[in-house]
Each structure stands twice: as structure tokens, then as C-alpha cells.
Amino acid sequence: MEEISAFEKFELQLDSAAKDFLKETAKWAYFLSIIGFIGIGFLLLIAVFAGTIFSAMGSSMQGMGGMGASFGAAMGAAYFLMAALYFFPVYYLFKFSSNAKKAFKDNDSTALTDSLGYLKSHYKFFGILMVILLGIYALIFVFAILGGLMGK
């Protein structure tokens, strides 16, 4: 005979306060995701026009020489990469909010499960990004100390 664990016997229920908190969280997440998509649009606009902007700045500034166009292309690529990197957490936030709103509108537990999966992906993305940034900061710190010791 198969034993049923205590976890399988327990069915999680959301009370009205928890539902209200999730509904409000979904509304704010939707707002923030729309603002995020607008921000990505601006980043892409800057990426497209960065070459032109920096080329014009380079021709008007005497010290830049012919560096304006190549610097503009590099800045355009950097802005495009920032937009691509920023897209994923904003997308996950949008999918969380839209699925959560659908779940409460239709009383659909599958949609709520999907929405929480997208919220997990949103935070997982930022967690991995934070680990990468902390690693980069640690390397910068180590190289700064080594550079200081070599300079003596």
C-alpha cells in the first residue's frame, strides 16, 4: 500500500486577504511591465540613433577627431544589449501580471500557477544577474588591489 505524505494531504487554500494581495500585486506588476516595455523602446531608439548622435557630437568637438562614428556604433550596440537584457525580466513580469489577472477573473488555478511560475522566473533572472555582477565587482576589486600593489 502506498503511503501519502503529509505534504500531499495538505491542500493550500488562499483566503480573501491573500487573494487581494495577489490581485494588487498583479496590478502593480502590470503597470511596471508596461513602463518597462516603454523603457525598452527608448533604449532601442537610442541604440538606433546613437551612431548619428555621437557622429554629430564628434564632428562638433575638436578633441574627438574621427572617433565619433565608431564610438557611436559601440554605444548603439551597448544600448541594444541593455534593451535585450532588460526584455526578459519585463516580459516575465508582464506574463505574471496578465496570468494572475486572468486567474482571478476566471477563477482559474492553472493560470495562477502559470503566473507564479513567471514570477519565479523574474526573480531567478535577477538573482543570476546579481551573482554575475557580484562576481564582476569581486574581480574588479582584486585587480584594483593588485594594480595598487604593482604600482609601488
Side-chain angles (χ1 to χ4, degrees), residues 7 12-15 17-151:
F7 181 73
L12 183 65
Q13 300 284 326
L14 296 177
D15 62 3
K19 288 179 183 179
D20 289 341
F21 292 148
L22 273 173
K23 284 179 192 176
E24 188 172 346
T25 301
K27 288 176 187 175
W28 282 108
Y30 184 77
F31 171 73
L32 290 173
S33 67
I34 296 301
I35 297 298
F37 283 130
I38 292 169
I40 290 169
F42 282 131
L43 286 173
L44 289 174
L45 278 173
I46 292 170
V48 168
F49 294 111
T52 307
I53 293 168
F54 284 103
S55 176
M57 283 175 49
S59 64
S60 67
M61 300 175 109
Q62 293 176 342
M64 291 287 283
M67 233 174 86
S70 61
F71 184 69
M75 289 302 292
Y79 274 101
F80 182 77
L81 286 174
M82 282 191 295
L85 187 67
Y86 191 47
F87 172 78
F88 293 102
V90 171
Y91 174 75
Y92 294 143
L93 196 62
F94 177 77
K95 292 298 283 182
F96 159 71
S97 64
S98 59
N99 281 342
K101 287 164 70 172
K102 179 186 181 301
F104 288 114
K105 185 179 74 153
D106 299 340
N107 200 24
D108 184 1
S109 61
T110 304
L112 183 61
T113 302
D114 291 344
S115 73
L116 292 174
Y118 283 113
L119 186 63
K120 176 209 57 106
S121 296
H122 173 78
Y123 282 108
K124 184 177 179 181
F125 183 91
F126 277 120
I128 292 169
L129 184 63
M130 184 57 61
V131 167
I132 291 168
L133 287 175
L134 288 173
I136 291 170
Y137 291 156
L139 286 174
I140 290 171
F141 183 72
V142 167
F143 284 120
I145 289 175
L146 290 175
L149 292 173
M150 297 288 224

How far apart are the C-alpha atoms of Asn99 and Leu112, what are their side-chain angles, what is the distance that settles it, and do they pass the side chain to side chain contact (heavy atoms under 4.5 Å, CB included) test?
CA-CA 6 Å; Asn99 281 342; Leu112 183 61; over 6 Å; no
So does [X] have more than 12 non-hydrogen atoms from other groups sitting under 6.0 Å from [atom1]?
X      : atom1 : value
Phe126 : CZ    : yes
Phe37  : CZ    : yes
Asp15  : CG    : yes
Lys23  : NZ    : yes
Phe125 : CZ    : yes

Could you state the interatomic distance from [atom1] ([X]) to [atom2] ([Y]), rounded to the nearest 0.5 Å?
X      : Y      : atom1 : atom2 : result
Phe94  : Tyr91  : CZ    : OH    : 9.0 Å
Leu22  : Leu119 : CG    : CG    : 9.0 Å
Thr25  : Leu93  : OG1   : CG    : 10.5 Å
Leu139 : Leu134 : CG    : CG    : 11.0 Å
Phe80  : Met75  : CZ    : CE    : 15.5 Å

Does Asp20 have any salt bridge (Lys or Arg N to Asp or Glu O under 4.0 Å) partners at least two apart in sequence or in another chain, and if so, which?
none
With sequence neighbours left out, what residues match Lys102 under salt bridge (Lys or Arg N to Asp or Glu O under 4.0 Å)?
Asp106, Asp108
Quick test of your reading: applying side-chain hydrogen bond (donor to acceptor under 3.5 Å, both in side chains), list the pairs with at least one residue in residues 115-127, sequence neighbours left out, ordered by first then second residue.
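Sorted result for residues 115-127: empty, none.
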Check the pair Ile132, Ile136 against side chain to side chain contact (heavy atoms under 4.5 Å, CB included), reporting the backbone distance first and the verdict last.
CA-CA 6 Å; Ile132 291 168; Ile136 291 170; 4.0 Å; yes
Counting C-beta onward and ignoring hydrogens, is there a side-chain heavy-atom pair between [X] and [Y] closer than 4.5 Å?
X      : Y      : result
Leu129 : Leu85  : yes
Ile40  : Leu44  : yes
Phe96  : Leu116 : yes

State, to 0.1 Å, how close Gly76 and Ala47 come at their nearest heavy-atom pair, and which atoms those are.
O-CB, 3.3 Å
With a distance cut-off below 6.0 Å to the six-membered ring centre and an angular limit of 45° from the axis, does Lys101 pair with Tyr30 as a cation-pi contact?
yes
